[in-house]
Amino acid sequence: MNNQTLKTLFNHRSIRKFKHQNLTQEQIKTLLKAAQQASTSQFEQQYSIISVTDPKQLQVIADVTGFDFVKSAGQYFLFVADQHRNEQILKSIDPNADTSNLHSTDKLLAGIHDVDFAMQAMLTAAESMGLGGVVMGSIYNDTSKIIKAFKLPQLTFPVLGLALGVPDEKSIVKPRITPSIIHYQNVYNDDINQDQLNHYDQIVHDYYQKRPSGNRSETFTHHLMSDLQNNPIRKNILPNFKKQGFLKL
Ligand SMILES: Cc1cc2nc3c(=O)[nH]c(=O)nc-3n(C[C@H](O)[C@H](O)[C@H](O)COP(=O)(O)O)c2cc1C
């Protein structure tokens, strides 16, 4: 199997260094169209996308994420799970409409799913246009600051950032785990094939040695150990979900 869509998908790698070149309005329009055409839970389109262009707002993102490159990206998008807009729509039709469902765990998940699908569609579209980018969950480092700076109302939550631009770094594709380790038939398979895992560790080790920037000596299992044991858990996510009006049901 070989077609342009598959080539784009198989060629994905995150880009964190960009040429100082803003995306054109035409490119942004196309990217938004790709994002909007993604699947959306129950056809409720429960997300919003904020283009972050004000240097002060970009500085907030840089401070929270710890990534300065966001300021030189061609475009930065903040993706927000959003049940607020749908509540407003319902209330404008009927001020007494029962909107309690929008405060549920289910609807928080739906908003997060919608963001994830829209964002992946946008990233793949960008890559198909010769651009590159990186998804940024590091906005969770301080969700209170993001909520305040971007004036996010009740029933919204910042889910991910996306930095896009013209790539200014050489990189190679990061190899993924052997499919049989993550793909099961009919029921969950609890037995990890150690030989396959060792083999994958070697592949990841080779990748880190070969990649043009940030090369180091690391395997997948080393990475898991250090990531999971050394990174502090971001603690205020759950309270902020609740403060924003979610998880009531
Ligand atoms: C939910 C999510 C959050 C991520 N957050 C960050 C981030 O904050 N900063 C960053 O540099 N990369 C981030 N990434 C990118 C991953 O590090 C990257 O996708 C992974 O290492 C695989 O590398 P690749 O995308 O180059 O194949 C994130 C990816 C996902 C899916």
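Every number for a ligand or one of its atoms is a count from 1 in the order of the listing. In this text the structure is predicted, and so the values were computed from the model without any measurement.
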Residue [X] vicinity, atoms of ligand 1 by number, heavy atom under 4.0 Å:
X	answer
K174	20 (C), 21 (O), 22 (C), 23 (O), 27 (O)
R13	26 (O)
M136	5 (N), 6 (C), 7 (C), 8 (O)
H12	24 (P), 25 (O), 27 (O)

- Parallel, tilted or perpendicular, as decided by the 30° and 60° cut-offs, for the rings of F157 and F241: tilted

- Any idea how F220 and H223 line up, ring-wise: parallel (<30°), tilted (30 to 60°), or perpendicular (>60°)? tilted

- Message: Is there a polar contact, in the sense of an N or O pair closer than 3.5 Å, between G137 and ligand 1?
- Response: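 G137 vs ligand 1: N/O contact under 3.5 Å present.
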
- Message: Under 6.0 Å between ring centres: does that hold for Y47 and F79?
- Response: no

Checking a contact table here: which protein heavy atom is nearest [atom], and how many Å away?
atom	value
atom 19 (O) of ligand 1	S14 OG, 3.5 Å
atom 8 (O) of ligand 1	S138 OG, 2.5 Å
atom 17 (O) of ligand 1	R16 NH2, 3.3 Å
atom 1 (C) of ligand 1	L160 CD2, 3.8 Å
atom 9 (N) of ligand 1	F67 CE1, 3.3 Å

- Any side-chain heavy-atom pair of S41 and Q46 under 4.5 Å: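 Yes, their side chains come closer than 4.5 Å.
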
- Using a 4.5 Å cut-off on heavy atoms from C-beta on, say whether the side chain of M136 contacts that of V134. yes

- Task: With rounding to the nearest 0.5 Å, note down the distance linking CD in Q83 to CZ in F246.
- Result: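 Q83 atom CD to F246 atom CZ measures 5.5 Å (nearest 0.5 Å).
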
- Note on the structure: All heavy atoms of G245 vs all of L155, minimum pair found to be O-CD2, 3.8 Å

- Query: Does V135 come within less than 4.0 angstrom of ligand 1, counting non-hydrogen atoms of the residue?
  - Reply: yes

- Message: For the CD atom on Q37, are there more than 12 heavy atoms of other groups (residues, nucleotides or ligands in this structure) within a distance under 6.0 Å?
- Response: no

- Task: Quick one: look at R176 and ligand 1, take heavy-atom pairs under 4.0 Å, and tell me if it's side chain, backbone, both or neither.
- Result: side chain

